[in-house]
Amino acid sequence: MPLAEQKLIQQIRRSVRGGKSVVTGIGDDCAVLRVPPGHELLVTTDFTIENVHFRRDWHPPELVGRRCLTRGLSDIAAMGGEPRAAFLSLALASDVPQKWVDRFLKGLLDLAEEFKLPLAGGDTAQSAGGIQADIVVVGAVPKGRAVLRSGAKAGQQIYVTGELGGSAAMLARLAASKPVGAAYLRHFRPHARVAVGQWLRQRRIASAMIDLSDGLSTDLEHICQESHVGAEIEAEAIPRAQVGAGKKRVALDLALHGGDDYELLFTSAAAVPSKVAGVQVTRIGRTTRSAGMQLIGADGKAQPLQAKGWEHFKGNW
Ligand code: ADP
Ligand code: MG
């Protein structure tokens with residue numbers, strides 16, 4: 001059984017850090033936040049739901065908490081913003097052990113500490129079943145400078161950070177009841193590319209940007225639709241994650257359609273270095289005037305690329 005609501009809030013309150021953006025944090029009816037002059041606020045909210053985003057028997061609680069906050073940080077990164085404060089709404093069934101809650105919070109707060117990000121509030125409630133966490137991250141970006149999904153023009157290059165498909169490969173292994181050691185579990189520990197997003201925004205290099213939460217094909221389609229462009233992706237260019245002890249490259253389908261990698265996908269008219277803020281950046285294709293997405297194979301032949309990433313209410317599991 002989890003701690004009673006007030007006790008749990010007190011425990012959280014004791015373990016959080018303050019921050020330059022928080023005038024008043026946990027303990028009042030609202031948090032009071034400072035907005036830096038000349039900036040706009042970014043606000044993002046993301047659910048982490050038991051048996052939808054994680055399973056208690058598959059995922060260590062520290063990693064569930066860490067990834068819960070990563071989802072919010074990654075959205076701020078995709079706008080080129082600076083994270084300023086986080087809010088956590090947590091609903092727990094009465095059968096959730098407090099040990100699980102402690103470990104979840106440790107994972108989340110350790111990551112907040114890495115980013116010097118204050119947890120400035122939230123809500124705590126009993127759920128009718130299972131665990132539901134909603135993370136809100138508030139960020140700031142200089143006025144008018146947020147990098148949108150809608151800024152891509154035809155004839156620009158398409159880039160991606162890091163490597164893709166590792167998280168989907170880990171899930172596939174868990175679903176097949178195969179063992180997952182540290183070499184796989186690291187893919188459930190993605191890194192929000194906050195520094196990369198800010199670097200690209202500061203130099204006005206990214207014309208459009210999105211974070212890869214649902215899968216390359218699905219998230220690329222969002223950029224295409226919002227920017228009214230098409231895209232050609234070179235299959236051979238996609239950086240496929242190396243998984244397991246043998247560092248085997250994941251199948252192309254996992255890199256194309258697997259979700260939860262939290263890398264950045266962006267378009268640019270400028271030359272982009274192969275490493276930004278210590279993170280590998282790979283050119284994977286270009287935007288086109290004609291609508292729709294094409295996958296160019298090793299033989300140079302094009303075939304239509306369907307968006308087959310994660311979508312809720314489509315019964316992906
Ligand atoms: P209210 O009844 O006004 O919603 P609460 O008792 O729910 O107040 O919350 C009291 C304080 O604790 C508020 O500052 C709220 O933001 C904070 N809080 C509640 N739950 C959490 C949580 N899970 N994480 C962080 N802060 C929380
Ligand atoms: Mg409340």
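Note that these values count all heavy atoms, side chains included, but never hydrogens, waters or copies made by symmetry. Along the sequence shown, residues carry numbers from 1. In each ligand, atom 1 is the first atom listed, and ligand 1 is the first ligand listed.
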Subject >> Close aromatic pair by centroid cut-off 6.0 Å: His59 and Phe188 >> reply: yes

**OP:** Please identify which atoms of ligand 1 are closer than 4.0 Å to at least one heavy atom of Thr124.
**Re:** 19 (C), 20 (N), 21 (C), 22 (C), 23 (N)

Original post:
Hey, is ligand 1 close enough to Leu88 that some N/O pair sits below 3.5 Å?
Top reply: yes

Subject >> Co-members of Leu41 in a cluster of I, L, V, M, F, W and Y side chains, linked at under 4.5 Å >> reply: Val22, Leu33, Val35, Val43, Phe87, Val136, Val138

Original post:
What are the atoms of ligand 1, with element, lying closer than 4.0 Å to any heavy atom of Ile26?
Top reply: 12 (O), 14 (O), 17 (C), 25 (C), 26 (N)

Original post:
What do you reckon, does Ile12 have a nitrogen or oxygen under 3.5 Å from a nitrogen or oxygen of ligand 1?
Top reply: no

**OP:** Report the part of Asp28 in contact with ligand 1, treating N, CA, C, O as backbone and CB onward as side chain, heavy atoms under 4.0 Å; options are side chain, backbone, both, neither.
**Re:** backbone

Original post:
Between Asp123 and ligand 1, which residue portion shows a heavy-atom distance shorter than 4.0 Å: side chain, backbone, both, or neither?
Top reply: both

Original post:
Would you call Arg55-Glu50 a salt bridge at under 4.0 Å N-O?
Top reply: no

**OP:** Look at the side chain of Glu40 and the backbone N and O of Gly144, then say whether any donor-acceptor pair between them is shorter than 3.5 Å.
**Re:** yes

Original post:
For ligand 1, is there an N or O atom under 3.5 Å from any N or O atom of Gly27?
Top reply: yes

**OP:** State which residue, out of Arg201, Lys116, Lys20, Arg145, fulfils the salt bridge (Lys or Arg N to Asp or Glu O under 4.0 Å) condition with Glu82.
**Re:** Lys20

Original post:
Taking the six-membered ring for Trp, is the centroid-to-centroid distance between Trp100 and Phe104 below 6.0 Å?
Top reply: yes

**OP:** Check each atom of ligand 1 against the heavy atoms of Asp29 and keep those under 4.0 Å away; list them by number with element.
**Re:** 3 (O)

Subject >> Within-cut-off N or O pair, Ser89 and ligand 1, under 3.5 Å >> reply: no

Original post:
Is a salt bridge present between Glu113 and Lys106, judged by a nitrogen-to-oxygen distance below 4.0 Å?
Top reply: no

